[in-house]
Amino acid sequence: MDQKRERELAIRLGQAIAKERARCGLTQGEVSERIGIGTEQVSRIERGMTFPSVRRLVEFAELFNCSVDTLVRRGSDLLPDQEAMFHDILAGMKDTRDREFLLSLAEQFSTHMGGKKH
């Protein structure tokens with residue numbers, strides 16, 4: 001993996017961690033206290049300056065009550081991971097009309113951006 005791609009991955013993973021932290025209503029300070037690292041280290045991870053270790057990913061996931069997979073998929077630019085995320089979004093929508101609306105928006109956006117028509 002080249003350095004540019006590695007940097008982009010670190011940024012996306014950091015953003016995923018920050019998003020989950022915010023979803024839980026936690027500050028960086030609270031996260032740092034609960035998992036035993038400095039606030040600056042949490043900040044560096046969220047800004048994509050450093051990669052968290054697998055151990056840290058597990059600690060973040062436990063704290064945020066999500067799976068490590070969720071954090072990694074949110075940070076991924078791989079199509080299968082993005083498809084799984086889209087699936088999870090749709091699966092969380094109980095109303096068929098809401099799912100159909102979201103799919104329609106995605107299809108319209110794809111067509112607008114030059115993607116295949118379905």
Side-chain angles (χ1 to χ4, degrees):
M1 179 181 302
D2 67 24
Q3 286 184 335
K4 181 181 177 192
R5 181 155 161 72
E6 186 175 323
R7 174 83 173 118
E8 290 169 354
L9 178 59
I11 289 169
R12 285 191 306 276
L13 182 57
Q15 289 170 341
I17 291 168
K19 185 175 185 175
E20 285 299 309
R21 176 182 58 77
R23 181 188 60 78
C24 293
L26 297 171
T27 66
Q28 288 180 343
E30 290 168 329
V31 169
S32 72
E33 286 177 21
R34 292 187 189 183
I35 63 174
I37 61 175
T39 303
E40 179 59 29
Q41 183 64 18
V42 174
S43 175
R44 291 177 56 78
I45 290 169
E46 288 187 2
R47 290 182 287 136
M49 303 301 290
T50 61
F51 270 108
S53 66
V54 172
R55 178 177 152 218
R56 286 285 178 244
L57 282 174
V58 170
E59 290 173 334
F60 283 127
E62 288 174 345
L63 180 59
F64 302 150
N65 196 30
C66 70
S67 67
V68 172
D69 184 51
T70 296
L71 296 174
V72 173
R73 277 191 304 163
R74 283 203 174 145
S76 175
D77 65 352
L78 299 176
L79 184 58
D81 292 330
Q82 292 172 339
E83 288 172 341
M85 286 174 44
F86 200 74
H87 174 273
D88 291 348
I89 291 168
L90 287 171
M93 302 172 87
K94 300 303 177 203
D95 190 323
T96 302
R97 292 170 296 180
D98 291 341
R99 290 192 305 269
E100 289 171 354
F101 178 71
L102 181 57
L103 288 170
S104 174
L105 286 176
E107 185 175 32
Q108 289 174 29
F109 185 73
S110 175
T111 300
H112 175 75
M113 298 302 292
K116 292 190 318 186
K117 294 184 180 182
H118 298 268

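What you see below is based on every heavy atom in this structure, not just the backbone, and it leaves out hydrogens, waters and symmetry mates.
- Counting all heavy atoms, side chain and backbone alike, Ser32 lies closest to Ile37 at CB-O, 2.8 Å.
- Put simply, CG on Asp69 and CG on Leu57 are 11.0 Å apart, with the number rounded to the nearest 0.5 Å.
- Contact check for Met49 versus Arg7: side-chain heavy atoms found under the 4.5 Å cut-off.
- The CD atom of Glu100 sits 10.5 Å away from the CE atom of Met93 when rounded to the nearest 0.5 Å.
- Listed for the Arg74 side chain is no donor-acceptor partner under 3.5 Å among the backbone atoms of Ile17.
- Ile11 is not connected to Phe51 by any chain of hydrophobic side-chain contacts under 4.5 Å among Ile, Leu, Val, Met, Phe, Trp and Tyr, and they are in different clusters.
- Between Cys24 and Leu63 the shortest side-chain heavy-atom distance does not fall below 4.5 Å.
- Phe86 has its side chain within reach of Leu103: a pair of non-hydrogen atoms, C-beta onward, lies under 4.5 Å apart.
- Note on ring orientation: taking the six-membered ring where Trp is involved, the planes of His112 and Phe109 are tilted (angle from 30° to 60°).
- The shortest side-chain heavy-atom distance between Ile35 and Glu62 does not fall under the 4.5 Å cut-off.
- The minimum heavy-atom distance linking Gly75 with Ala16 is given by the pair N-CB, 4.1 Å.
- Going from atom CD of Glu46 over to atom CG of Leu13 covers 10.5 Å, rounded to the nearest 0.5 Å.
- Of the possible donor and acceptor atoms, none in the side chain of Arg73 sits under 3.5 Å from a partner among the backbone N and O of Asp81.
- Of the possible donor and acceptor atoms, one in the side chain of Thr111 sits under 3.5 Å from a partner among the backbone N and O of Glu107.
- Using a cutoff of 4.0 Å between basic side-chain nitrogens and carboxylate oxygens, Arg97 and Asp95 are scored as salt-bridged.
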_CA sep, side-chain torsions, deciding dist, call: Glu20, Arg23, salt bridge (Lys or Arg N to Asp or Glu O under 4.0 Å)_ = CA-CA 5 Å; Glu20 285 299 309; Arg23 181 188 60 78; 2.7 Å; yes
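- Residues Phe64 and Thr70 have side chains not in contact (no heavy-atom distance under 4.5 Å, counting atoms from C-beta outward).
- Each of Leu71 and Ile89 belongs to its own hydrophobic cluster when Ile, Leu, Val, Met, Phe, Trp and Tyr are linked at side-chain heavy-atom distances under 4.5 angstrom.
- Between the side chain of Glu30 and the main chain of Thr27, a donor-acceptor pair closer than 3.5 Å is present.
- Proximity of a side-chain donor or acceptor of Arg99 to a complementary backbone N or O of Lys94 within less than 3.5 Å is detected.
- Ion pairing between a basic and an acidic side chain is recognised when a charged N comes within 4.0 Å of a carboxylate O; Glu8 and Arg5 show no such pairing.
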